[in-house]
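Any value given below was found using the heavy atoms of this structure, including those in side chains, with hydrogens, waters and symmetry copies removed. Letters go in sequence order (proteins before strands), and every chain restarts at 1.
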Amino acid sequence: NAGVTQTPKFQVLKTGQSMTLQCAQDMNHEYMSWYRQDPGMGLRLIHYSVGAGITDQGEVPNGYNVSRSTTEDFPLRLLSAAPSQTSVYFCASRPRLGSSYNEQFFGPGTRLTVL
Amino acid sequence: GQQVMQIPQYQHVQEGEDFTTYCNSSTTLSNIQWYKQRPGGHPVFLIQLVKSGEVKKQKRLTFQFGEAKKNSSLHITATQTTDVGTYFCAGPSNSGYALNFGKGTSLLVTP
């Protein structure tokens with residue numbers, strides 16, 4: 001299993017540009033999440049999904065859109081990039097509640113810089 | 001959402017010294033998880049605690065879940081340079097579907 005994969009690894013955008021961060025998992029996990037990590041701020045939840053077609057907002061959703069058309073994929077869209085969105089973005093997945101273990105698996109991250 | 005507070009933010013120890021990080025929540029948690037992130041890496045799951053007063057050990061790491069299920073700690077005995085990284089605790093979000101992470105404790109170990 002590849003686990004959780006993210007592309008690209010690095011990205012530089014100009015203010016106002018849009019882009020999609022890709023995330024895929026091959027573990028058949030129902031739950032997937034997007035986090036951003038900034039120095040001193042820990043991991044903050046952007047959006048999450050509990051299954052195909054179901055998404056919800058996390059702590060810092062503004063400026064981001066998500067969709068979940070399949071169990072495997074959970075892309076994160078930046079609609080109009082701003083310098084405040086410069087961050088490291090992690091995608092994560094885990095089995096649904098009620099599973100014997102709730103370990104969350106993280107992807108390697110995308111390092112985004114917005115100029 | 002439910003917030004978990006973590007202290008200290010940073011800790012610098014000499015190799016061989018012990019290290020402890022603490023996690024506190026204002027509400028009762030159904031469970032708490034701990035993750036480790038090496039510099040430049042991604043968070044990696046260490047353990048999950050579920051029961052009140054639970055204590056679990058992984059070699060030199062000892063994890064505790066408070067009796068009221070509102071606090072937790074991670075203690076490392078005799079730190080090694082391989083312990084360097086940021087340690088995060090995480091509790092369930094209000095919905096229960098996602099995780100809310102503490103801000104982490106960054107551990108630096110000098111030989």
Is it the case that more than 12 heavy atoms not belonging to Met27(A) sit under 6.0 Å from its CE atom?
yes
If the contact rule is any heavy atom under 4.5 Å from chain B, which residues of residues 55-81 of chain A qualify, in numerical order?
none
Note: vs chain B, highest number of non-hydrogen pairs under 4.5 angstrom among Val88(A), Val50(A), Leu43(A) is Leu43(A)
Would you please go through residues 61-70 of chain B and name the residues with a non-hydrogen atom below 4.5 Å from one of chain A, in numerical order?
none
Pairwise distance CD(Gln37(B)) to CZ(Phe90(A)) - rounded to 0.5 angstrom:
5.0 Å
Segment of Phe105(A) engaging chain B (4.5 angstrom heavy-atom cut-off):
neither
Which atoms of Arg111(A) approach chain B - backbone, side chain, both or neither, heavy atom under 4.5 Å:
side chain
Single-linkage hydrophobic cluster, 4.5 Å side-chain cutoff, Ile47(B) and Ile76(B) together:
yes
Answer key: most heavy-atom pairs under 4.5 Å with chain B among Gly40(A), Ala92(A), Ser33(A), Pro108(A) is Gly40(A)
Look at the side-chain heavy atoms of Ile, Leu, Val, Met, Phe, Trp and Tyr, link any pair under 4.5 Å apart, and say whether Tyr89(A) and Phe88(B) land in one connected group.
no
Is any residue of residues 101-111 of chain B within less than 4.5 Å of chain A by heavy atoms, and which ones?
Phe101(B), Gly102(B), Lys103(B)
Output for pair (Leu45(A) CG, Leu99(B) CG), nearest 0.5 Å, gives 8.5 Å
Decide if atom CZ of Arg60(B) counts as having more than 12 heavy atoms of other residues, nucleotides or ligands within a radius under 6.0 Å.
yes
First locate atom CZ of Phe106(A), then atom OH of Tyr35(B), and finally report the distance between them rounded to the nearest 0.5 Å.
5.5 Å
Whether the Gln33(B) and Glu103(A) side chains hold a donor-acceptor pair (N or O, under 3.5 Å, no angle test) is what I'd like checked.
no
Is it the case that one hydrophobic cluster holds both Val114(A) and Trp34(A), taking links as side-chain heavy atoms less than 4.5 Å apart, direct or via other members?
yes
Please list all pairs passing the disulfide bond (SG atoms under 2.5 Å apart) test where one or both residues lie in residues 56-111 of chain B, with sequence neighbours left out.
Cys23(B)-Cys89(B)
Same cluster or not: are Phe45(B) and Val4(A) linked, directly or through other Ile, Leu, Val, Met, Phe, Trp or Tyr residues, by side-chain heavy atoms under 4.5 angstrom apart?
no
Going hydrophobic residue to hydrophobic residue with side-chain gaps under 4.5 angstrom, can you get from Trp34(B) over to Tyr22(B)?
no
